[in-house]
2 protein chains.
Amino acid sequence: MTDTAREYAQEKIAKKDFSCAKEYTLSMFSGKYKIVILYHLGHNGTMRFSQIQRLLDHASHKMLTQQLKEMADDNLVDRREETINNGKAVYYSLTDTGESLIPIVDDMFSWGKNRLASLEVSSDFN
Amino acid sequence: MTDTAREYAQEKIAKKDFSCAKEYTLSMFSGKYKIVILYHLGHNGTMRFSQIQRLLDHASHKMLTQQLKEMADDNLVDRREETINNGKAVYYSLTDTGESLIPIVDDMFSWGKNRLASLEVSSDFN
DNA sequence: CCGGATCCTCTGCGATACTG
DNA sequence: CAGTATCGCAGAGGATCCGG
């Protein structure tokens, strides 16, 4: 994102002003794809960059790198780089902090699935 | 938002394609201020437009109307309009569907508060 | 295979002004 | 008071190229 809300919360925290719980919380989630990334890492464990990219076929290379970098800065994901003979392989996994978000992420998606299911049922009457 | 993700999910659903649980779920939350609005409506009950606006002092009039309209379209909030002698008063409250999100919203914020608290502690060592 | 830098396009969103 | 319409710009984000 390089989102304004994100920067706003980070500045306050940098100044030891912790009176921004809502802004802060949102800044953890609000990035494009972040929740989906958390979800996949939570359920698949460690993944390479290219694996994540394959799962998010709408996300551009740039966006993905950006989001993952932010999440690493926020200590939600771990980034481990390995150099192979020809190139490099980068592995991402959840930190403990990232893991602690998984229940919430799961709740969000199961809420969504339920809601979609009820929409689907009521659409039978069209 | 008039967000692309939101439109994407809505189009699929309009075409009776329900294979977009993640996109759909995110499109419910991802608007600017939506989570905070949910939070306040969940904890304060029915509120007038101007009351909500006072709580979100960073949100412009335009954005608030827009977000509230989207949430009403998504059936997360109820909109009740009353005409007073001089002008009009608009009351917003959560629908049952909106209510069903409150536990998740609460979890999000309490997660954020915990996380902030631990950041605060570790900053004592600077 | 991955990430960063540059360029260029498109859009989110604020400001303003107008309706009821 | 609440919502809509128009305009304008900063910034998000895609495409592409390069460097490791």
Side-chain angles (χ1 to χ4, degrees), chain A residues 1-11 23 26-27 29-34 36-37 40-41 46-74 77-93, chain B residues 1-11 23 26-27 29-37 40-41 46-73 77-93:
Chain A
M1 287 223 105
T2 319
D3 193 43
T4 28
R6 189 181 147 81
E7 284 171 13
Y8 174 77
Q10 284 184 342
E11 280 171 27
E23 291 88 346
L26 289 178
S27 77
F29 295 91
S30 54
K32 221 174 173 178
Y33 312 117
K34 278 185 186 173
V36 190
I37 295 172
H40 286 306
L41 286 179
T46 301
M47 297 179 76
R48 292 190 60 166
F49 182 88
S50 43
Q51 292 182 284
I52 303 178
Q53 192 172 31
R54 229 167 293 127
L55 286 179
L56 305 187
D57 48 336
H58 290 301
S60 70
H61 181 86
K62 177 186 178 179
M63 270 297 100
L64 211 51
T65 336
Q66 204 172 99
Q67 299 298 307
L68 285 166
K69 187 178 185 341
E70 288 186 6
M71 295 170 78
D73 291 346
D74 290 339
V77 303
D78 241 355
R79 183 180 183 281
R80 202 169 314 127
E81 193 169 331
E82 265 176 42
T83 315
I84 317 291
N85 29 6
N86 30 7
K88 79 180 157 189
V90 182
Y91 297 94
Y92 290 95
S93 57
Chain B
M1 288 221 105
T2 317
D3 192 43
T4 29
R6 190 181 146 83
E7 285 173 11
Y8 174 77
Q10 284 184 342
E11 280 171 26
E23 292 88 345
L26 289 179
S27 76
F29 296 91
S30 53
K32 219 174 176 180
Y33 311 117
K34 278 186 187 174
I35 306 195
V36 191
I37 295 173
H40 286 306
L41 286 179
T46 302
M47 298 180 76
R48 292 190 59 165
F49 181 88
S50 43
Q51 292 182 284
I52 303 176
Q53 192 172 31
R54 230 167 291 127
L55 285 179
L56 305 188
D57 49 334
H58 289 301
S60 69
H61 180 87
K62 177 186 178 179
M63 268 298 100
L64 251 189
T65 341
Q66 203 173 100
Q67 300 298 306
L68 285 166
K69 187 177 185 340
E70 287 185 7
M71 295 170 79
D73 291 346
V77 303
D78 242 356
R79 184 179 181 282
R80 204 168 314 128
E81 193 168 329
E82 265 178 43
T83 316
I84 317 290
N85 30 4
N86 32 4
K88 78 180 159 189
V90 182
Y91 296 94
Y92 290 95
S93 56

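Naming convention: chains lettered A, B, ... in sequence-line order (proteins, then strands); numbering from 1 in each chain.
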- [ ] Starting at atom CE of M63(A), determine the distance to atom P of dA5(C), rounded to an integer number of angstrom.
- [x] 14 Å

Open item on the list: Output the rounded distance in Å from CZ (R54(A)) to C1' (dC1(C)).
Closed with: 11 Å

TODO: Specify the residue among G87(A) and Q51(B) whose closest nucleotide of DNA chain D lies further upstream toward the 5′ end.
DONE: Q51(B)

- [ ] Identify whether any heavy atom of Y91(B) sits under 4.0 Å from a base atom; if not, whether one sits that close to sugar-phosphate; answer base, sugar-phosphate or nothing.
- [x] nothing

Task: Contact check, side chains of Y91(B) and D78(B), non-hydrogen atoms, under 4.5 Å - done: no

Task: Side-chain heavy atoms of M63(B) within contact of Q66(B), under 4.5 Å - done: yes

Task: From CE (M71(A)) to CG (D74(A)), nearest 0.5 Å - done: 8.5 Å

Open item on the list: Between P on dG12(C) and CG on L64(B), what's the gap in Å once rounded to a whole number?
Closed with: 17 Å

Open item on the list: Counting only side-chain nitrogens and oxygens, does Y92(B) get under 4.0 Å of the OP1 or OP2 atom of dC1(D)?
Closed with: no

TODO: Dump the intermediate steps for side chain to side chain contact (heavy atoms under 4.5 Å, CB included) on K34(B) and S30(B), then the final yes or no.
DONE: CA-CA 7 Å; K34(B) 278 186 187 174; S30(B) 53; over 6 Å; no

Task: Helical bend (five base pairs per end, nearest 10°) for the helix from dC1(C)-dG20(D) to dG20(C)-dC1(D) - done: 40°

TODO: May I ask you to verify whether the side chain of H61(A) and the base of dG3(C) hold a donor-acceptor pair under 3.5 Å?
DONE: yes

- [ ] In whole angstrom, give the distance that lies between atom CD of E81(A) and atom C1' of dG19(D).
- [x] 13 Å

TODO: Give, for atom NE2 of H40(B) and atom CG of L55(B), the distance between the pair rounded to the nearest 0.5 Å.
DONE: 4.5 Å

TODO: Specify the separation, in whole Å, of atom OH of Y8(A) and atom C1' of dC13(C).
DONE: 18 Å

- [ ] Select from K62(A) and V90(A) the residue whose nearest nucleotide in DNA chain C is closer to the 5' end of that strand.
- [x] V90(A)

Task: Closest to the S50(A) side chain, choosing from dG13(D), dC2(C), dA2(D) - done: dC2(C)

TODO: For E81(A), check side-chain hydrogen bond (donor to acceptor under 3.5 Å, both in side chains) against everything at least two apart and list the hits.
DONE: R79(A)

Task: Closest to the F49(A) side chain, choosing from dA2(D), dG13(D), dC2(C) - done: dC2(C)

- [ ] Could you state the atom-to-atom distance from CD of Q66(A) to P of dA12(D) in whole Å?
- [x] 8 Å

Task: Rounded interatomic separation in angstrom, taking CG from L68(B) and P from dC1(D) - done: 16 Å

TODO: Counting heavy atoms from C-beta on, name the nucleotide in dG14(C), dG3(C), dA2(D) closest to the side chain of Y33(B).
DONE: dG14(C)

Task: Side-chain heavy atoms of Y33(A) within contact of L26(B), under 4.5 Å - done: no

Task: Test item: Q67(A) and I52(A) side chains (from C-beta on) under 4.5 Å apart, heavy atoms - done: no

TODO: Return no unless some side-chain N or O of K32(B) is found under 4.0 Å from OP1 or OP2 of dG14(C).
DONE: yes

Task: N or O in side chain of R79(B) less than 4.0 angstrom from dA2(D) OP1/OP2 - done: no

TODO: Look at the side-chain N and O atoms of R48(B) and state whether any lies under 4.0 Å from the OP1 or OP2 oxygen of dC1(D).
DONE: no

Open item on the list: I need the NE2-P distance between H58(B) and dC13(C), as an integer number of Å.
Closed with: 15 Å

